[in-house]
Each structure stands twice: as structure tokens, then as C-alpha cells.
Number of protein chains: 2
Amino acid sequence: MRSHYCTDLSKDNIGEIVEVCGWVNSYRDHGGVIFIDLRDRSGLVQLVCDPDDSKQAYDTANTVRNEFVLKAKGKVRARGEGLTNPKLKTGEIEIVISELIVENPSKPLPFVIGDKDVGEETRLKYRFLDLRNEKAYERFAMRSRAAIACRNTLEKLNFLEVETPILTRATPEGARDYLVPSRVNNGLFYALPQSPQLFKQLLMCSGFDRYFQIAKCFRDEDLRADRQPEFTQIDIEMSFCTQEDVMGVAEEVLKDIFKVCGYDINPPFRRMTYKEATETYGSDKPDLRFDLPLVDVIDIFEKSNNEIFSNIAKDKKRNRVKALRVPNGDNIFSKRQMKSFEDYVRKFGAQGLAFIQYKEDGLKGPLLKFFEEKDIDELVKRTRLEVGDVLFFGAGAKKVVLDYMGRFRIFLANEMDIIDKDRLEFLWVVDFPMFEENDDGSFSAMHHPFTMPNNIDDDIEDITSVAYDVVLNGIELGGGSIRIHKNDIQQKVFEKLGIDEDEQREKFGFLLDALSFGAPPHGGIAIGFDRLMMLVTKSSSIRDIIAFPKTQRAQCPLTKAPNIASDEQLRELGIRLIKKDRK
Amino acid sequence: MRSHYCTDLSKDNIGEIVEVCGWVNSYRDHGGVIFIDLRDRSGLVQLVCDPDDSKQAYDTANTVRNEFVLKAKGKVRARGEGLTNPKLKTGEIEIVISELIVENPSKPLPFVIGDKDVGEETRLKYRFLDLRNEKAYERFAMRSRAAIACRNTLEKLNFLEVETPILTRATPEGARDYLVPSRVNNGLFYALPQSPQLFKQLLMCSGFDRYFQIAKCFRDEDLRADRQPEFTQIDIEMSFCTQEDVMGVAEEVLKDIFKVCGYDINPPFRRMTYKEATETYGSDKPDLRFDLPLVDVIDIFEKSNNEIFSNIAKDKKRNRVKALRVPNGDNIFSKRQMKSFEDYVRKFGAQGLAFIQYKEDGLKGPLLKFFEEKDIDELVKRTRLEVGDVLFFGAGAKKVVLDYMGRFRIFLANEMDIIDKDRLEFLWVVDFPMFEENDDGSFSAMHHPFTMPNNIDDDIEDITSVAYDVVLNGIELGGGSIRIHKNDIQQKVFEKLGIDEDEQREKFGFLLDALSFGAPPHGGIAIGFDRLMMLVTKSSSIRDIIAFPKTQRAQCPLTKAPNIASDEQLRELGIRLIKKDRK
């Protein structure tokens with residue numbers, strides 16, 4: 001129906017008869033001539049409806065309102081002198097219309113397109129209007145390009161995309177499964193997959209060698225700002241590989257995705273052990289766009305005797321004393337501000353937040369009187385404390401201290417505005433612990449129970465795994481591991497997790513069988529595609545990169561669970577509703 | 001872990017030290033030397049484990065059995081004279097092993113890999129073994145290539161891939177929806193989408209202009225040989241387009257998919273109206289690899305008076321008399337065979353199956369005595385009947401006659417073995433009726449209620465629609481239509497379907513809203529990707545192109561609906577099981 005998209009037209013087309021289609025972005029009558037800015041997905045072009053050129057076009061133009069859908073035919077001409085619009089791609093030309101057709105009128109819109117102050121509920125109710133703007137389109141175009149780039153890169157690297165089922169058996173992967181009643185098997189339920197993990201491992205056992213999928217996954221969890229109940233991941237698995245092989249593939253994929261989105265990134269990314277990440281940055285996904293490392297100072301106080309840290313320092317395994325030097329902090333923050341920071345860390349379990357100021361005339365702070373001179377000297381030396389700096393202290397149980405000091409580090413960086421928003425700091429965190437202790441003293445798998453341990457026969461808390469996370473600017477993009485391919489190791493892991501043989505057989509029998517019949521060494525990774533696209537498009541809301549989202553405050557009418565189960569349907573499914581009070 | 005895939009190696013690598021990984025396909029001890037055929041996804045290579053070269057390798061080789069997973073290092077050498085194997089890609093070389101590692105042993109397999117006589121249940125129970133063969137791998141590689149080719153073609157044509165939700169609202173599209181209880185909204189259910197139809201139409205209303213998705217769709221229907229409850233379709237929608245535009249895009253996509261699968265096809269495909277297809281071939285998806293057209297002869301009998309056809313011929317609108325000429329049929333089939341064909345058509349509602357043989361000495365057949373001379377002459381002329389031919393007749397109610405004669409046409413072609421299995425006959429069937437009559441006299445939409453009618457104000461049975469199906473060798477690959485973009489037409493269609501305003505609002509309110517605010521003219525198509533891949537790979541079972549299928553007789557353990565709903569889960573979902581006798 002069209003000969004050109006609006007912004008295909010330029011001075012090169014002057015004199016040509018063209019046809020364009022799109023929406024009325026704006027219109028005005030100026031001296032008996034109607035000017036319409038016509039919009040399609042490419043952008044705007046100006047239509048001129050002059051009764052001297054075409055009475056029909058002018059009369060039709062007289063009836064149009066914003067968002068009417070038009071088809072227009074006319075001749076391209078240069079705009080008059082002084083009338084060009086440098087802000088528009090097509091600002092040097094306009095189309096003199098000879099034929100104008102209203103393909104569809106539009107009621108007045110409930111909100112102005114592109115208006116950012118529209119409430120979430122309204123935006124999602126009229127999602128088709130909310131998406132009707134160039135920026136939205138550009139973000140989805142980027143998402144499409146990114147997915148295609150990902151696929152082409154993986155195909156080039158000899159990976160096959162294999163579709164795995166959505167209606168599957170439940171496998172215990174941490175979160176709640178969505179259940180789907182099976183009509184033909186009364187009383188039985190399918191589960192929607194939390195990931196294609198087992199399927200891809202089975203494909204490795206089939207000798208497929210290199211698998212990938214951009215896969216929909218499901219978790220019946222409460223909504224959060226960046227979490228949908230259904231989400232998309234780039235899922236990769238390969239055989240006869242090392243950790244470095246998998247990382248290399250992931251880096252290649254990320255490089256090409258970022259490339260089509262306008263960024264040049266240069267793998268290989270930096271590597272850091274889980275231990276270094278948590279001890280130095282208080283996080284297993286440190287943001288490395290700024291420094292502010294945590295310095296371990298527990299040994300300084302180990303042999304001292306002061307009221308503040310010495311008791312804590314006696315148990316170096318379970319406790320931590322960490323110092324965080326803020327360069328020039330004494331000049332940036334007032335003492336009152338420094339004191340107020342305690343409120344922030346208390347939210348995450350801190351008992352307090354001591355600090356020392358390095359003034360021109362020496363160190364200041366109520367702590368100092370408890371410290372021995374040599375300890376103070378060692379502190380200054382180790383943290384490279386200089387005049388104008390502040391040193392904050394976190395002390396207490398390891399897990400708590402690392403957590404709140406890690407958060408405090410980011411809090412400070414934001415307060416100081418030292419984070420370069422344009423920097424992309426990728427990082428691999430490696431050597432994760434295999435198990436983590438639950439509150440009740442039992443252990444869970446930190447990644448999942450199919451992760452290859454480095455040292456399965458060691459004490460459970462010392463066992464590490466061949467697991468790795470890829471982190472960008474403090475956000476976990478994805479994670480993976482080398483998997484267990486030997487039955488005996490898999491069973492040892494199940495034992496440590498307290499899963500007995502019956503349970504193993506029931507829940508993982510299919511996998512254990514597969515491991516018994518020539519499973520190859522294999523490993524892989526899953527990268528969260530939604531989160532990646534939020535970062536790449538600098539979006540703050542999941543709405544920007546998911547076409548029909550469910551958000552905390554509102555849902556698109558087409559994705560809202562409606563009460564559609566009729567009595568007949570329920571009977572057929574073999575289920576009955578339990579009447580509960582609505583929350 | 002490897003330097004080469006097995007079949008990467010050739011005479012060019014002689015003298016090189018290489019590392020390969022894979023499965024023991026076979027092994028034999030020959031004169032104190034062990035020969036192993038090692039298999040990876042690329043194919044086979046021969047390993048030579050000679051104790052004179054490496055005692056370690058020989059001793060290890062002595063322990064291996066079929067399907068053990070090995071890593072082997074050694075030097076490539078030419079095979080001795082007379083020892084080359086022309087059947088193998090690597091048949092001119094072998095690797096003299098210096099280091100052999102068993103990465104994983106294997107228990108004896110429950111069946112020989114590639115054995116076609118294994119029962120479906122066993123194959124699916126051990127799906128990872130069932131897939132462990134070159135042919136299976138090749139088919140999935142083809143599927144992966146086809147999907148990527150499809151995406152690249154559509155990207156080239158300016159389409160965006162947009163992911164639409166899996167957890168949606170139910171929309172009435174014919175089949176049963178899968179329902180998913182929502183935990184956070186007690187008593188409410190999501191539905192899994194039967195297609196992204198409404199979503200893609202909304203994206204057109206958002207001005208996305210060209211959308212596609214390779215989308216998972218769901219129908220809670222009973223299994224058939226070529227139907228899964230979850231299936232994949234290539235889903236396309238575009239704005240400001242004609243039917244020809246959509247067809248052109250689909251042809252481009254199919255051309256490129258077939259190309260990466262080894263076929264050159266040449267669009268544009270032939271076009272045929274629904275009327276011609278059903279009247280001439282008795283099917284809206286005719287197989288054009290052979291001819292055997294149905295010839296309309298009702299008018300010949302309209303004015304005659306014979307006991308056989310004249311009553312039927314009186315109602316030319318509701319009835320049909322069709323003649324099917326079988327060239328040389330009298331020489332191919334015995335009279336007994338011809339009579340037996342009646343049994344076939346009776347299954348589809350035929351009252352009988354009259355026929356005339358054209359012998360050297362003239363026409364023969366019990367019918368003839370009822371026909372007038374001039375009618376016989378006209379029959380011979382119109383059907384171009386020649387000596388040696390047979391002419392079959394179908395007569396009765398239009399729908400029944402077209403159906404059984406269409407089936408009979410295919411039946412005959414198979415009996416005569418005149419279908420060239422290597423031919424690809426694509427066809428567009430166009431101008432479908434908008435509505436079809438139900439048994440109770442009400443009408444349903446033949447495609448779906450969003451299809452643009454050509455002539456909405458005509459009598460309901462005369463209304464046609466801008467709908468089109470693409471057919472390959474008698475199989476419907478896909479179908480689409482230009483959609484209704486105007487509210488008033490949409491409402492007229494709903495009225496004809498007997499959907500009142502309340503129901504319209506409740507079920508389609510979101511769409512009607514979208515049509516009111518500047519919906520562009522748009523249309524699209526959906527192509528069944530699973531079915532397409534079955535045709536392209538010449539597969540007879542869905543098992544060949546779906547990695548973890550659900551079949552009629554058996555299901556892969558990982559996709560079998562298990563009784564995983566615990567009492568606690570059910571309580572949380574707000575549902576209770578109704579005890580029914582298991583079927």
C-alpha cells in the first residue's frame with residue numbers, strides 16, 4: 001500500500017510521486033493549507049494538502065484528527081526557504097498530496113502518546129497506545145536484533161537450537177512451579193519449566209554436542225520490579241568442554257548482542273573468585289565501575305585487646321572486621337551525614353558503623369581511644385589512609401558484615417555520584433561454594449545439584465564447584481556450571497543434600513539413567529535475556545522490554561488471569577475450587 | 001577438550017597430533033591391536049590402540065565397551081593399503097593413540113542405537129539414547145537451520161520478532177485452552193495461548209508495522225499422529241498490506257527455509273480459489289502432484305430424466321454430480337477392483353460409486369442404459385474420455401460428494417502409484433468462505449472472526465473473506481488473512497456469529513478498543529513449523545522433529561503429567577481434586 005516509509009524520503013526523491021501510510025501525529029491549517037505530520041514506525045514526514053492541488057485531499061484533510069490512519073499519495077518537493085526543520089530526518093522535504101484516504105478514524109485518545117506521567121494501570125489498559133511511539137519501537141527493535149544476533153553467533157559456533165517442552169514434569173529447582181491440570185489424565189498436572197536444565201543435559205547425553213535455546217521459563221513467584229512470572233533466557237549447553245570454553249562462548253554471544261545494540265565490548269572479561277568478590281566487595285556480583293574495596297583488618301585486632309573489635313576478631317573464621325576507606329570523604333561528607341549512614345546499614349543487620357576521620361591535625365574519632373598505637377599505624381598503612389579521607393568499619397558475623405558493607409559501598413558510590421553510567425564493567429565470578437547452609441543447619445546446592453564439585457570429599461562448607469556467574473555493573477546477567485556427568489559424584493551430592501535413594505529415583509531417575517549410559521562431560525550457562533535487554537536499552541521498567549507485561553501494580557488485560565474456568569471446564573479437569581476470602 | 005571433531009580429520013592431517021572425544025561405536029581386537037570406531041556428532045573415526053605405541057592406551061582400550069565415552073590423543077596416519085574404507089568420510093586415515101581416557105563408562109544399552117524395531121515406549125523412556133544417532137541429529141540440525149533462516153529472512157524484510165506471553169487470558173479460538181491456576185489470584189486461571197493472534201493485532205495497532213515470532217502455541221486436544229498439545233508456528237503480521245504482500249513474505253520465508261534444507265523452490269506459487277479447489281479436487285488443500293480432476297457434469301443431467309442422477313441434478317446449488325476420469329484405468333484396474341472402490345467411498349458417506357469403462361468396442365457399464373445418447377456424448381466430450389479409460393461418478397449432497405470424491409482421487413493416485421514423492425507442489429488457496437454452517441444451522445467463522453470479509457452485506461453463505469492457505473502436496477502448511485481493522489465491520493461479523501454486545505465487550509473488548517483508536521489495515525499468516533519440518537525432513541513421526549514429544553502411545557518421562565500436586569500446593573492454588581475413576 002505504500003511506496004516508502006516516511007523517513008525513506010529525502011531530497012533525492014524530489015519530483016517523485018510517492019505513497020505513504022501512517023498516523024496523524026499533528027495537523028494544522030495555515031493560510032488555507034493543511035499541514036499534516038504523518039508518522040509511521042520510521043518517523044515523521046510532512047504532508048501538504050492544498051485545495052489548489054487537490055480539493056479531495058484538502059477536504060479529507062479537513063476531517064482528520066490526531067491518530068487517524070491515512071494513506072496519502074503525492075509529489076515530493078523541497079520545503080521553501082526558511083521552512084526546513086533540521087530536527088526531522090525528512091525536514092528538508094514535504095509531500096504535496098494529490099490523494100488522501102482515511103483508512104481508519106480514531107476516537108480521542110485517553111492520553112497523549114509518549115506522555116510519561118500516565119499511570120501504570122492506564123498505560124497497560126491501553127497497551128497498544130502505550131507502545132505507539134518511536135522509543136518503544138526502538139527498544140523492541142533492539143531486542144529483536146539482539147535475539148537474532150545471538151542465534152547467528154551460536155549457529156556460527158556450531159550450536160543447534162532445540163525447542164524443549166513447556167508442558168513438562170516438575171523438577172525441584174528452587175522456585176514454585178506453575179501447574180497445569182491435564183484434562184486427559186484426571187487429577188494429574190503438568191508443570192511449566194523453571195528452566196530447560198534437565199532437557200539440555202539429556203541432549204548432551206544424546207551427543208548433540210552443542211545446544212542452545214532462547215527459552216521461556218516460568219516461576220510462580222510474586223512480582224518484583226525486574227521479575228516476571230514468565231521470563232526468557234539464553235540457554236546454552238556444550239559437551240567435552242572446560243569452564244573456559246563455556247565462558248568463551250558466552251563472551252562471544254554477549255559481544256555480538258552488544259554490538260548490534262551499539263556497544264563495542266572487548267572480552268575476555270575480568271575473572272574473580274567468589275571469595276575475592278565477597279571479601280573485597282561484599283557481593284557475589286560486585287559493581288566494578290567504582291572501586292571502594294573492603295579491606296580486611298581483623299588480624300590487626302586479633303592479638304590486641306580493645307573493647308570494640310577484639311572479641312569479634314577472636315573468631316576469624318566466622319567473623320569479619322572490614323575497613324572501607326572513602327578517599328576525600330571527610331571533605332565530601334559532613335560529620336552529621338557520616339553518622340546518618342549508620343541508619344542505612346542498620347537496616348541490613350549492622351550493630352553500628354564506626355568511622356575515623358583523617359584531619360589535617362591527625363586522626364579523629366571516638367573509636368581511637370580504644371585502639372593501640374601500633375594498630376592505628378597498621379590500619380593507616382594497610383588502607384593507605386590519607387589526609388581528608390574517612391575510614392568506615394564493619395564488624396561482626398561474616399555473612400552480615402559482608403552483606404551490609406557491600407551495600408554500603410554501593411550506597412556511598414551513589415551518594416558521591418562516582419558511578420560512570422556509560423561504563424560497562426563485565427566480570428566473571430568463579431569458584432562458587434557448592435553448598436550453602438540453611439538456617440536450620442541443613443545444606444542446599446548454591447547453584448543446583450547437578451553442578452560439578454571440585455572437591456566433593458572435603459568438609460561440606462569447603463567444597464567449591466565449577467560454577468560461574470557473569471556480572472555486568474553489579475547485576476547478575478547469568479550463571480552456569482560444568483555439570484556432573486558421573487553417576488557416583490551425582491549420588492554423593494544427593495547424599496550431602498540429604499536426598500535419599502528413593503527420592504533420587506523418583507525425582508531424578510531419568511537423569512541418573514542418562515548418566516549411566518555414557519554421558520559426556522558437559523557444561524553450560526543461562527543468561528537472563530530480559531534483564532540483559534533492560535541493561536542494554538537502559539530501561540528502568542520491565543514494561544520497556546516486554547510487550548505485554550504483568551507488573552506489580554497493573555496487568556495488561558490480555559495477561560490478567562480472568563475467572564474463565566466454567567463449571568464444565570473444572571469438571572473436565574477434575575478439580576473443584578476451594579472458596580477462600582480474596583486477599 | 002578436543003582439537004577436532006572426528007570427521008574434521010582427513011589425509012591433510014597425516015602426521016599431526018590430534019585429540020578427539022566421543023562414544024565407542026564399535027571395537028575389535030585384531031592381532032593384539034585394538035581398533036575402536038569413535039563416534040561424535042560429526043561421524044566416525046578409527047582409533048588404533050597398539051601396545052607397541054602405548055601400553056596405557058592399549059590397556060585402557062581393553063576395558064572399553066560400546067557407548068563408553070572416550071578422550072583420545074594420537075597421531076593421524078594413512079591406513080595401510082587395502083584397509084581404507086570408502087564408506088567412511090575418514091576412511092583413508094586412522095589415529096594411532098598415545099593416550100586414552102575413559103571419561104565415562106556405560107552400562108549395556110537397553111537397545112541397539114538406531115534399531116528401528118524398538119517399541120515406542122522404550123524409545124521414549126530412553127529418549128537420550130533414541131536421539132543418539134546421526135540421522136536424529138541431522139533432522140534437528142535441519143530444524144535449527146530452518147528456524148534461523150526464517151528469522152534472518154524476516155529480519156531482512158524489516159520484521160521484528162516480538163515475544164508474546166504464554167500466561168494469558170483465554171480467547172475463544174475454537175480449541176480447548178490449557179488452564180493454569182493463579183496462586184496469587186485464588187480461583188482464577190490463566191490460559192495458555194492457542195496462538196498469538198490478538199497480541200500481534202495489537203502490535204499492529206501500536207504501529208510496529210511488521211511483526212513475527214516463532215511461537216509456542218497450545219491446544220488441549222487429544223493427541224494425533226501429527227498433533228502435539230504444544231506446537232510451534234511461524235507467526236507473521238504486517239500493516240498497510242494486501243493479501244499479495246503477505247503471500248510474498250510467506251513465499252520468501254518458505255523459499256529460504258527449503259533452501260537451507262537442500263531444496264530449491266521457485267515462488268510465486270500457484271493460486272487457486274477455494275471454490276476451484278473444492279469443486280475440482282474435492283479439497284481445500286488439493287495435492288497437485290497428480291491431476292485426476294473432478295469434472296462437473298450436473299448440468300448434463302439437469303434437463304434429462306434418468307433414474308440415477310436427474311433428481312440430484314434438479315438442485316444444482318445443494319447437490320453435485322462429479323465425474324472422475326482415470327486415464328488408462330480400464331487397463332490398470334480389474335473390474336473387481338473397480339467395484340471394490342465403492343467400499344472406500346462408502347466410509348465417507350457415498351451411497352455408491354458408479355463407473356463406465358471405455359472398451360475397444362465401446363462404453364460399458366450398467367449405468368449406461370439409463371442415460372440418453374446425447375448426454376453420453378457430452379460426458380465423453382467433456383471428460384475427454386478415451387479408449388482404455390474409466391469414468392467414476394459421485395453424486396449427492398455437495399459437501400458429501402466433494403469430500404469423498406476428493407479422498408477417492410488421492411486413493412486412486414496411491415493405488416496407481418502416480419505420486420512423485422520428490423515433487424514439491426505448493427499452492428495458495430484463496431477466497432475462502434467467511435462463514436460455515438454448523439449442524440444446528442448457526443454459523444461459525446471459517447478462519448476466525450477477525451478475518452476481513454469481501455462482501456459482509458451479502459447473504460451469509462455467499463460472503464467470502466480475504467483469507468488464504470498455503471498448501472504443500474495436499475497438506476496445509478499454514479493460513480492467514482487480512483484482518484478487520486474497522487470497528488463497524490468487526491461488529492457486523494460478531495452479529496452474524498450471534499455474539500451479542502455484552503459478549504463482544506467481555507471477550508473482545510480489548511480488541512474493539514484497539515480498533516477504535518486508529519488501527520491500521522493489517523494482515524498476516526501462521527505457518528505450522530512442526531508440520532513443515534516433518535515434510536522437509538520426510539519424517540513420518542512427530543518423534544523425528546520434536547525432541548521430547550508426547551505421542552499417542554507413550555510419553556517421554558519428563559513430559560508425562562505426573563501427580564505432583566501435593567495437598568499443600570492444591571490448597572495454595574485454591575483447588576481441590578474431584579475423585580473420578582481413572583479411564
Under 4.5 Å between any side-chain heavy atoms of A/C556 and B/F510, yes or no?
yes

Going by an N to O cut-off under 4.0 Å, is there a salt bridge joining B/R143 and A/E163?
yes

Non-hydrogen side-chain atoms of B/N487 and A/K107 separated by less than 4.5 Å:
no

Single hit among A/D40, A/V20, A/V69 for side chain to side chain contact (heavy atoms under 4.5 Å, CB included) with B/F240:
A/V69

Checking heavy atoms, do the side chain of B/L515, its backbone, both or neither come under 4.5 Å from chain A?
backbone

Side chain proximity check, B/L558 to A/L202, heavy atoms < 4.5 angstrom
yes

Contacting moiety of B/S42, where chain A heavy atoms sit under 4.5 Å
neither

With side chains defined as the heavy atoms from C-beta onward, is the minimum distance between A/L167 and B/K550 less than 4.5 Å?
yes

Please determine whether the number of non-hydrogen atoms from other residues, nucleotides or ligands lying under 6.0 Å from atom CD of A/E134 exceeds 12.
no

Apply the test side chain to side chain contact (heavy atoms under 4.5 Å, CB included) to residues B/L573 and A/I575: give CA-CA distance (whole Å), side-chain angles for both, the deciding distance (0.1 Å), then the verdict.
CA-CA 11 Å; B/L573 294 171; A/I575 61 183; over 6 Å; no

Do the charged groups of A/R127 and B/D513 touch, with an N to O distance under 4.0 Å?
no

Pick from A/T168, A/L179, A/L70, A/L109: which one has the most heavy-atom pairs with chain B under 4.5 Å?
A/L179

Indicate every side-chain donor-acceptor pair of residues 207-218 of chain B with a distance under 3.5 Å to a residue at least two apart or in another chain.
{"unit_1": "B/D209", "atom_1": "OD1", "unit_2": "A/R2", "atom_2": "NH1", "d": "3.3"}
{"unit_1": "B/D209", "atom_1": "OD1", "unit_2": "A/R2", "atom_2": "NH2", "d": "2.9"}
{"unit_1": "B/D209", "atom_1": "OD2", "unit_2": "A/R2", "atom_2": "NH1", "d": "3.3"}
{"unit_1": "B/D209", "atom_1": "OD2", "unit_2": "A/Y5", "atom_2": "OH", "d": "2.4"}
{"unit_1": "B/R210", "atom_1": "NH1", "unit_2": "B/L157", "atom_2": "O", "d": "2.8"}
{"unit_1": "B/Y211", "atom_1": "OH", "unit_2": "B/Q213", "atom_2": "NE2", "d": "2.9"}
{"unit_1": "B/Y211", "atom_1": "OH", "unit_2": "B/D235", "atom_2": "OD2", "d": "2.8"}
{"unit_1": "B/Q213", "atom_1": "OE1", "unit_2": "B/T164", "atom_2": "N", "d": "3.1"}
{"unit_1": "B/Q213", "atom_1": "NE2", "unit_2": "B/V162", "atom_2": "O", "d": "3.3"}
{"unit_1": "B/Q213", "atom_1": "NE2", "unit_2": "B/T164", "atom_2": "OG1", "d": "2.9"}
{"unit_1": "B/K216", "atom_1": "NZ", "unit_2": "A/T164", "atom_2": "O", "d": "3.0"}
{"unit_1": "B/K216", "atom_1": "NZ", "unit_2": "B/E230", "atom_2": "OE1", "d": "3.2"}

Compare all side-chain heavy atoms of A/T559 with those of B/F199 and state whether any distance is below 4.5 angstrom.
yes

Option passing side chain to side chain contact (heavy atoms under 4.5 Å, CB included) with A/I148 (candidates B/L154, B/L160, B/N152, B/I148):
B/N152

Highest number of heavy-atom pairs under 4.5 Å with chain B: which of A/A519, A/P110, A/A147?
A/A519

Taking side chain as C-beta onward, heavy atoms only, is B/P549 less than 4.5 Å from A/P165?
no

Using atom types as modelled and distance alone, determine if a side-chain donor or acceptor of B/R576 lies under 3.5 Å from a backbone N or O of A/L577.
no

Per-residue contact mode, B/R145 against chain A (heavy atom under 4.5 angstrom):
both

Go through the structure and list residues passing ring pair (Phe, Tyr, Trp, His ring centres under 6.0 Å) with B/F529, not counting sequence neighbours.
none

Any salt bridge linking B/R151 with A/E161? Criterion: basic side-chain nitrogen under 4.0 Å from a carboxylate oxygen.
yes

Within a strict 4.5 Å, meaning less than it, do heavy atoms of the B/M1 and A/P521 side chains meet?
yes

Counting only N and O atoms by type, is there a donor-acceptor contact under 3.5 Å from the side chain of A/N104 to the main-chain atoms of B/H485?
yes

Taking NZ, NE, NH1 and NH2 as the nitrogens, is one of them in A/K486 or B/E103 under 4.0 Å from a carboxylate oxygen of the other?
no

Are the side chains of A/Y178 and B/I166 in contact, using a 4.5 Å heavy-atom criterion?
no

What residue, out of A/I546, A/D245, A/T232, has the most heavy-atom pairs lying under 4.5 Å from chain B?
A/T232

